[in-house]
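Values in this document were obtained by computation on a predicted structure and should not be read as measured data.
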Amino acid sequence: MDFDWNVIWKNREVLVSGMMLSLKLFAIALTGGIFFGTLLAMARLSSWKVLSYPAAGFVNLIRSIPFIMAIFWFYFLTPMLVQKMTGQQGEAVGPFTSAIVAFIMVESAYYSEIIRAGIQSIPRGQPWAAYALGMNYWQAMGTVVLPQAFRNMIPIMLTQAIILFQDTSLVYVVGLKDFLGAASKAGQLSGRIVELYIFVAFVFFIICFGASWAVKKLQAKYAIVR
């Protein structure tokens with residue numbers, strides 16, 4: 001088979017632009033997923049059923065549906081909700097905003113379970129000791145429980161981040177030109193889609209393999225000897 005690898009260099013600007021979009025989506029989804037995942041985890045562990053039941057229902061619902069279906073779901077639902085709340089006609093939000101909402105909602109559900117397990121790994125005596133020193137619930141969580149919980153969770157959180165980066169390639173289904181979408185478009189125009197898909201796979205392998213190696217190093221460095 002005759003390969004023409006020059007097609008990668010010829011389309012370098014399109015590929016770099018697609019990678020930047022993928023990294024932007026990844027960074028926003030990771031930050032939002034951890035933030036809202038922490039709130040969901042604390043709500044699930046709350047003794048107030050008005051908080052714990054809806055949080056559990058949301059997490060179980062989101063984790064039960066395929067990721068690509070969630071992207072489609074929020075892609076059609078988000079503009080309808082925005083139009084309903086603002087009364088704006090036409091395209092209320094674009095595919096990027098819809099994808100961001102979908103990724104944050106899905107990732108917050110997955111991260112909430114990771115964070116919930118991390119919080120539960122902290123001995124109950126520690127928050128009670130914090131209360132005995134005069135701290136309230138939020139002070140005990142912020143200064144005693146969560147710092148230790150996040151340290152315990154570093155390996156699994158980074159592993160979930162690697163999965164998230166791989167999942168960003170799914171946004172092509174809503175028309176976004178991410179790294180995979182850019183390569184696909186360039187391949188269709190040049191007739192060299194095989195070379196570009198091989199290049200995309202190679203780049204994903206390098207990034208994910210390097211990140212997995214870093215996770216193992218961090219796990220060994222921050223392992224807690226009990």
Side-chain angles (χ1 to χ4, degrees), residues 25-71 73-74 99-168 170 207-226:
L25 180 61
F26 167 76
I28 296 174
L30 180 65
T31 304
I34 293 176
F35 177 75
F36 288 107
T38 303
L39 297 180
L40 277 172
M42 294 174 69
R44 288 205 66 181
L45 293 171
S46 173
S47 58
W48 293 358
K49 294 181 180 179
V50 69
L51 291 178
S52 61
Y53 281 12
F58 173 81
V59 171
N60 290 326
L61 172 64
I62 295 296
R63 284 166 55 89
S64 300
I65 60 177
F67 202 157
I68 197 166
M69 185 178 293
I71 292 176
W73 187 22
F74 285 104
I100 285 292
V101 172
F103 269 84
I104 289 178
M105 293 296 101
V106 172
E107 290 304 315
S108 65
Y110 281 93
Y111 273 112
S112 74
E113 290 302 273
I114 297 172
I115 295 167
R116 186 167 68 98
I119 293 174
Q120 289 177 322
S121 70
I122 305 302
R124 292 288 298 167
Q126 294 199 25
W128 288 118
Y131 298 148
L133 292 174
M135 295 184 184
N136 58 32
Y137 173 78
W138 298 107
Q139 289 172 327
M141 289 296 292
T143 60
V144 178
V145 177
L146 285 180
Q148 297 182 79
F150 274 104
R151 177 174 178 171
N152 293 342
M153 294 179 293
I154 285 177
I156 187 68
M157 291 183 74
L158 291 177
T159 300
Q160 180 62 30
I162 294 171
I163 296 172
L164 167 61
F165 178 71
Q166 294 172 337
D167 287 341
T168 57
L170 294 175
I207 293 175
C208 294
F209 181 80
S212 299
W213 179 83
V215 168
K216 290 180 181 177
K217 290 294 182 183
L218 282 173
Q219 192 171 12
K221 182 177 181 179
Y222 291 103
I224 297 176
V225 179
R226 299 184 187 281

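No side-chain heavy atom of I154 sits under 4.5 Å from any side-chain heavy atom of M157. Side-chain contact between Q126 and V145 is absent, with no heavy-atom pair separated by less than 4.5 Å. Under the 4.5 Å side-chain criterion, counting only non-hydrogen atoms from C-beta, I62 is in contact with W73.
Rounded to the nearest 0.5 Å, atoms CD (Q148) and OG1 (T143) are 10.0 Å apart. With rounding to the nearest 0.5 angstrom, the CD1 atom of I34 is 12.0 Å from the CG atom of L39. Here the CG atom belonging to L164 is positioned 9.5 Å from the CD atom belonging to Q166, to the nearest 0.5 angstrom. Here the CE atom belonging to M141 is positioned 11.5 Å from the CG atom belonging to N136, to the nearest 0.5 angstrom. Note that the OG atom of S112 and the CD atom of E107 stand 10.5 Å from one another [nearest 0.5 Å]. In this structure, CG on L133 lies 11.0 Å from CD on Q139, to the nearest 0.5 angstrom.
Residue pairs meeting the ring pair (Phe, Tyr, Trp, His ring centres under 6.0 Å) criterion with at least one partner in residues 126-160, sequence neighbours excluded, are W128-Y131. The salt bridge (Lys or Arg N to Asp or Glu O under 4.0 Å) analysis of residues 32-50, with sequence neighbours excluded, yields the pairs R44-E113. Among residues at least two apart or in separate chains, there is no salt bridge (Lys or Arg N to Asp or Glu O under 4.0 Å) pair with a member in residues 152-167.
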**OP:** Show your reasoning for whether side chain to side chain contact (heavy atoms under 4.5 Å, CB included) applies to N152 and I122.
**Re:** CA-CA 9 Å; N152 293 342; I122 305 302; 3.7 Å; yes

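Residue A41 comes nearest to R116 through the heavy atom pair CB-N, 3.7 Å, listed as atom of the first residue, atom of the second, then distance. Across every non-hydrogen atom of A70 and A102, the tightest pair is O-CB, 4.0 Å. The shortest non-hydrogen separation linking L51 to P54 is O-CD, 3.5 Å. The heavy-atom pair separating S46 from S52 by the smallest distance is O-CB, 3.7 Å. Pairing each heavy atom of A29 with each of I104, the nearest pair is CA-CG1, 4.0 Å. A43 and A55 make their closest contact through CB-CB, 3.8 Å (heavy atoms, listed as atom of the first residue, atom of the second, distance).
Y111 contributes no side-chain N or O that, together with a main-chain N or O of F36, makes up a donor-acceptor pair within less than 3.5 Å. Between the side chain of T31 and the backbone N or O of A27, at least one donor-acceptor pair lies under 3.5 Å.
F103 and F67 have tilted rings, their planes meeting at an angle from 30° to 60° on a 0 to 90° scale.
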